[in-house]
Trainee: 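Structure below; questions to follow.
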Amino acid sequence: MSKEIIVVGGGAAGMMAAIAAGEQGASVKLLEPNERLGKKLNITGKGRCNVTNHADLETLLANIPRNGKFLYSAISRFGSQDTMAFFEGLGVPLKVERGERVFPVSDRAFDISAALERRLKALHVTLLRERAESLLVEEHAVQGVKTDRGIRRADAVILATGGVSYPATGSTGEGHRMAAEAGHTITPLQGSLVPLREKGNLCARMQGLSLRNVRLTVFESGKKIYTDFGELVFTHFGLSGPLVLSASAHMRRFDRKEYRLEIDLKPALDEQTLDKRLLSDFEKYANHDFCNALDDLLPQKLIPVLVEQTGIPPHQKVHEITREQRRALLQQLKHFSIAVAGPRPVTEAIVTSGGVKVSEVNPTTMESKLVKGLYFAGEILDTDAYTGGFNLQIAWSTGRAAGLAAATKQEGERP
């Protein structure tokens with residue numbers, strides 16, 4: 001007789017768990033109250049879906065700063081090569097881009113979620129548009145789930161409800177509540193891959209300005225901890241954009257550390273080359289006010305703020321600018337500095353840092369050590385990664401591990 005399994009949550013981890021269990025012959029019910037599956041999956045990678053990262057096990061784990069060791073078993077058994085083979089086997093051709101990021105050739109996230117849905121249907125997984133309200137637990141063993149439509153009995157339950165980021169996609173934190181009610185510890189939930197708030201109002205004055213091809217460096221209490229190249233945007237509260245979201249994952253100790261960002265506005269030019277460029281521009285605008293001599297070099301919205309930071313009087317004539325003043329300008333162009341007050345709320349984050357404490361979960365099977373037959377997969381767990389497809393790989397690997405274990409574990413086996 002096949003095992004009855006309920007998967008709570010129809011995101012990346014939940015769909016993978018349901019497929020893995022279904023492939024083992026289990027009878028699987030997938031609970032998802034959203035009108036469609038993979039709602040968050042469909043908006044990842046700007047709608048293109050960064051499926052995974054074409055990296056070896058060591059590199060994958062190096063990009064998971066929070067509890068990467070816990071994931072060693074799951075990722076070693078279903079890594080990025082396995083993920084790529086899985087989706088290509090479902091008829092989705094993939095491609096590898098800069099930073100070893102993997103995307104569908106079509107650049108459509110929908111192709112990934114549609115392929116998963118087709119596989120679920122082929123395996124006769126039952127999709128129930130119901131909201132899980134609580135776990136049914138008796139004598140430290142799960143018996144099923146209470147939903148908004150009634151009681152659903154099961155031999156095993158896999159919680160794959162996501163974190164608390166992007167609540168509009170259904171990530172409301174209900175899974176954490178249910179896990180806590182079952183006796184699990186939930187570590188503090190905060191945003192990772194999240195926009196940043198500035199100290200002061202430099203960014204607010206440049207609100208809406210997007211900079212491409214700049215270099216961003218993060219300093220933690222004066223020590224350089226991260227640098228990358230790409231695109232960012234100034235907002236009314238501070239900074240956002242791909243470069244900033246990636247940087248934020250490295251800024252995890254706001255309670256006891258000071259953070260500062262430095263932007264190299266002209267990373268293609270070393271200081272000597274940039275100084276020659278300045279001399280050329282200054283010659284061209286020799287009789288202009290300083291504030292009107294930077295149009296060839298910088299976007300209009302940035303000029304007043306940068307001029308102020310140099311300390312050079314805005315209406316000083318360009319031909320009067322001293323070598324020291326030019327050095328001050330050069331310093332700002334290569335090291336434009338912004339003090340960071342902290343991250344934006346977790347609801348604005350791409351992923352949640354924090355969740356079910358991993359020491360209470362079996363790293364091989366994803367089964368609870370406290371409640372027999374209860375499994376976890378994906379962002380509900382206290383583990384998260386940098387950008388580049390690593391967070392989705394966590395979802396695929398843990399979903400696969402939980403689904404396989406839930407379907408094949410024999411009665412009487414220890415969690």
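All residue numbers in this chain count up from 1 along the given sequence.
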Trainee: May I have the step-by-step check of side-chain contact (heavy atoms from CB on, under 4.5 Å) for Leu306 and Phe336, ending in yes or no?
Mentor: CA-CA 8 Å; Leu306 189 111; Phe336 186 75; 3.8 Å; yes

Trainee: With a sphere of 6.0 Å drawn around NE2 of His140, does it hold more than 12 non-hydrogen atoms of other residues, nucleotides or ligands?
Mentor: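 12 or below, so no.
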
Trainee: Should Lys224 and Glu262 count as an ion pair when the cut-off is N to O under 4.0 Å?
Mentor: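 Answer for the salt bridge query: no.
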
Trainee: Given 3.5 Å as the limit, does a donor-acceptor pair link the side chain of Lys3 with the main chain of Ala406, or not?
Mentor: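 Yes; judged by distance alone, with no hydrogens or angles, the pair exists.
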
Trainee: Does some side-chain heavy atom of Ser337 sit less than 4.5 Å from a side-chain heavy atom of Ile263?
Mentor: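 No, their side chains stay 4.5 Å or more apart.
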
Trainee: Would you mind reporting whether Glu367 and Lys372 have side-chain heavy atoms less than 4.5 Å apart?
Mentor: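 They are in side-chain contact.
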
Trainee: Can you tell me if CZ on Arg129 sees more than 12 non-hydrogen neighbours from other groups inside 6.0 Å?
Mentor: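 Yes, because the 6.0 Å sphere around CZ of Arg129 holds more than 12 heavy atoms from other groups.
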
Trainee: Pairing donors with acceptors under 3.5 angstrom, does anything connect the side chains of Thr147 and Glu133?
Mentor: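 No.
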
Trainee: Has the side chain of Thr383 got a donor or acceptor atom that lies under 3.5 Å from a matching backbone atom of Arg66?
Mentor: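 Looks like yes, one N/O pair under 3.5 Å.
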
Trainee: More than 12 non-hydrogen atoms from neighbouring residues, nucleotides or ligands closer than 6.0 Å to NZ on Lys276, yes or no?
Mentor: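 Counting other residues, nucleotides and ligands, NZ of Lys276 stays at 12 neighbours or fewer.
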
Trainee: Using the benzene-type ring in the case of Trp, are the ring centres of Tyr259 and Phe254 under 6.0 Å apart?
Mentor: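 They qualify: ring centres under 6.0 Å apart.
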
Trainee: Give a yes or no answer on whether the side chain of Asn201 reaches the backbone of Ala204 with a donor-acceptor pair at less than 3.5 Å.
Mentor: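 Side chain of Asn201 to backbone of Ala204: no pair is present.
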
Trainee: Closest approach of Leu193 and Ala249, non-hydrogen atoms and distance?
Mentor: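 Closest approach of Leu193 to Ala249, heavy atoms only: CD2-CB, 3.7 Å.
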
Trainee: Do Glu220 and Arg253 sit within salt-bridge range, that is, some charged N less than 4.0 Å from a carboxylate O?
Mentor: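 Looking at Glu220 and Arg253, the cut-off is met.
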
Trainee: Could you list the residues that satisfy side chain to side chain contact (heavy atoms under 4.5 Å, CB included) with Arg177, not counting sequence neighbours?
Mentor: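 Scan of Arg177 (side chain to side chain contact (heavy atoms under 4.5 Å, CB included), adjacent residues dropped) gives Glu174, Glu181.
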
Trainee: Please report the shortest heavy-atom distance between Gly183 and Leu370, naming the atom on each side.
Mentor: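 Reported closest heavy-atom pair: O-CD1, 3.4 Å.
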
Trainee: Kindly say whether Gly378 contributes a backbone atom to a donor-acceptor pair with the side chain of Trp396 at under 3.5 angstrom?
Mentor: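 Such a contact is absent between Trp396 side chain and Gly378 backbone.
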
Trainee: Would Arg48 and Phe103 count as a cation-pi pair here, with the cationic atom under 6.0 angstrom from the ring centre and within 45° of the axis?
Mentor: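 Because its charged atom sits under 6.0 Å from the ring centre and within 45° of the axis, Arg48 does stack over Phe103.
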
Trainee: For atom CD of Glu97, decide whether the heavy atoms of other residues, nucleotides or ligands shown that lie under 6.0 angstrom number more than 12.
Mentor: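 Enclosed: over 12 neighbouring heavy atoms sit under 6.0 Å from CD of Glu97.
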
Trainee: Do side-chain atoms of Glu32 reach the backbone of Gly10 as a donor and acceptor pair under 3.5 angstrom?
Mentor: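 Such a contact is found between Glu32 side chain and Gly10 backbone.
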
Trainee: Is Lys95 atom NZ crowded by more than 12 heavy atoms from other residues, nucleotides or ligands, each under 6.0 Å away?
Mentor: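 Correct, the count exceeds 12.
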
Trainee: Measure the spacing between CG of Asp281 and CG of Leu294 and express it to the nearest 0.5 Å.
Mentor: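 CG of Leu294 is found 8.0 Å from CG of Asp281.
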
Trainee: Look at the side chain of Asn67 and the backbone N and O of Asp382, then say whether any donor-acceptor pair between them is shorter than 3.5 Å.
Mentor: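 Answer holds: yes.
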
Trainee: Under the salt bridge (charged side-chain N to carboxylate O under 4.0 Å, His left out) criterion, do Lys334 and Asp264 qualify, and how do the steps go?
Mentor: CA-CA 4 Å; Lys334 298 295 284 182; Asp264 183 347; 3.0 Å; yes

Trainee: Mark yes or no for whether Thr217, through its side chain, and Thr227, through its backbone, hold a donor-acceptor pair below 3.5 Å.
Mentor: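 Here the side-chain-to-backbone pair does not exist.
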
Trainee: Rounded to the nearest 0.5 Å, what separates atom CZ in Arg152 from atom OG1 in Thr126?
Mentor: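 The CZ atom of Arg152 sits 9.0 Å away from the OG1 atom of Thr126.
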
Trainee: Would Arg344 and Phe237 count as a cation-pi pair here, with the cationic atom under 6.0 angstrom from the ring centre and within 45° of the axis?
Mentor: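 Positive - Arg344 is close enough to the ring of Phe237 and near enough to its axis.
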
Trainee: Would the number of heavy atoms belonging to other residues, nucleotides or ligands and lying under 6.0 Å from OH of Tyr72 be above 12?
Mentor: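 No, OH of Tyr72 has 12 or fewer neighbouring heavy atoms, counting only those of other groups under 6.0 Å.
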
Trainee: Side-chain contact test, heavy atoms from C-beta onward, threshold under 4.5 Å: evaluate it for Arg277 versus Asp296 and give yes or no.
Mentor: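 In contact.
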
Trainee: Quick one: do Lys40 and Glu379 satisfy salt bridge (charged side-chain N to carboxylate O under 4.0 Å, His left out)? Show the steps, please.
Mentor: CA-CA 12 Å; Lys40 186 174 176 183; Glu379 207 178 336; 2.9 Å; yes

Trainee: Is any side-chain heavy atom of Phe86 closer than 4.5 Å to a side-chain heavy atom of Leu116?
Mentor: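 Contact flag for Phe86/Leu116 side chains = yes.
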
Trainee: Answer yes or no on whether Arg260 is positioned over the face of Phe219, meaning its NZ or CZ is under 6.0 Å from the six-membered ring centre and within 45° of the axis.
Mentor: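 Ring-cation test returns yes.
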
Trainee: Are Glu23 and Arg400 ion-paired here, with the side-chain N under 4.0 Å from a carboxylate O?
Mentor: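 Salt bridge flag = yes for Arg400 with Glu23.
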
Trainee: In the structure I gave you, are the side-chain heavy atoms of Phe229 and Val214 within less than 4.5 Å of one another anywhere?
Mentor: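 Counting from C-beta outward, Phe229 and Val214 never come under 4.5 Å.
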
Trainee: Specify the closest pair of heavy atoms between Leu30 and Gly14, including all atoms of both residues, with the distance to one decimal.
Mentor: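 Closest approach of Leu30 to Gly14: CD1-O, 4.2 Å.
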
Trainee: So, the side chain of Ser80 versus the backbone of His54: is there a donor-acceptor pair under 3.5 Å, distance only?
Mentor: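 It does not hold such a pair.
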
Trainee: Any chance you could measure Leu297, atom CG, to Leu274, atom CG, to the nearest 0.5 Å?
Mentor: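 Atom-to-atom, Leu297:CG and Leu274:CG are 6.5 Å apart.
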
Trainee: Can you measure from OG1 (Thr310) to CZ (Phe290) and round to the nearest 0.5 angstrom?
Mentor: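 Between Thr310 OG1 and Phe290 CZ, I get 4.5 Å after rounding to 0.5 Å.
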
Trainee: Tell me, do Leu278 and Leu333 make a side-chain contact under 4.5 Å, heavy atoms counted?
Mentor: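 In contact.
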
Trainee: Can you tell whether the side chains of Arg215 and Asp228 come within less than 4.0 Å, N to carboxylate O?
Mentor: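 A salt bridge is absent here (no side-chain N lies under 4.0 Å from a carboxylate O).
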
Trainee: Within a radius of less than 6.0 Å around NZ of Lys357, do more than 12 heavy atoms belonging to other residues, nucleotides or ligands occur?
Mentor: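 Not more than 12 within 6.0 Å, no.
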
Trainee: Applying side-chain hydrogen bond (donor to acceptor under 3.5 Å, both in side chains), can you list everything that pairs with Glu360, at least two apart in sequence or on another chain?
Mentor: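 For Glu360 the side-chain hydrogen bond (donor to acceptor under 3.5 Å, both in side chains) partners, ignoring immediate neighbours, are His184, Thr185.
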
Trainee: Rounded at 0.5 Å granularity, tell me how far OG in Ser240 sits from CD in Glu348.
Mentor: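 The OG atom of Ser240 sits 8.5 Å away from the CD atom of Glu348.
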
Trainee: When you compare the side chain of Lys257 with that of Arg252, does any pair of heavy atoms fall below 4.5 Å?
Mentor: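 No, too far: nothing below the 4.5 Å cut-off.
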
Trainee: Is a donor on one side and an acceptor on the other found under 3.5 Å between the side chain of Ser210 and the backbone of Val233?
Mentor: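 No, the answer is negative, given that no donor and acceptor are paired below the 3.5 Å cut-off.
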
Trainee: Is it the case that the side chain of Thr59 and the backbone of Ala55 share a donor-acceptor pair, with hydrogens and angles ignored and the cut-off at 3.5 Å?
Mentor: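 Flag not set: sc Thr59 to bb Ala55 has no pair under 3.5 Å.
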
Trainee: Check whether any side-chain heavy atom of Val340 lies under 4.5 Å from a side-chain heavy atom of Met251, and answer yes or no.
Mentor: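 Yes, side chains in contact.
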
Trainee: Roughly how far, to the nearest 0.5 Å, is CD of Glu308 from CD of Gln332?
Mentor: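 Reported value, rounded in 0.5 Å steps: 10.5 Å.
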
Trainee: Apply side-chain hydrogen bond (donor to acceptor under 3.5 Å, both in side chains) to Arg108 and list each qualifying residue two or more places apart in sequence or on a separate chain.
Mentor: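 So Arg108 forms a side-chain hydrogen bond (donor to acceptor under 3.5 Å, both in side chains) with Asp111.
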
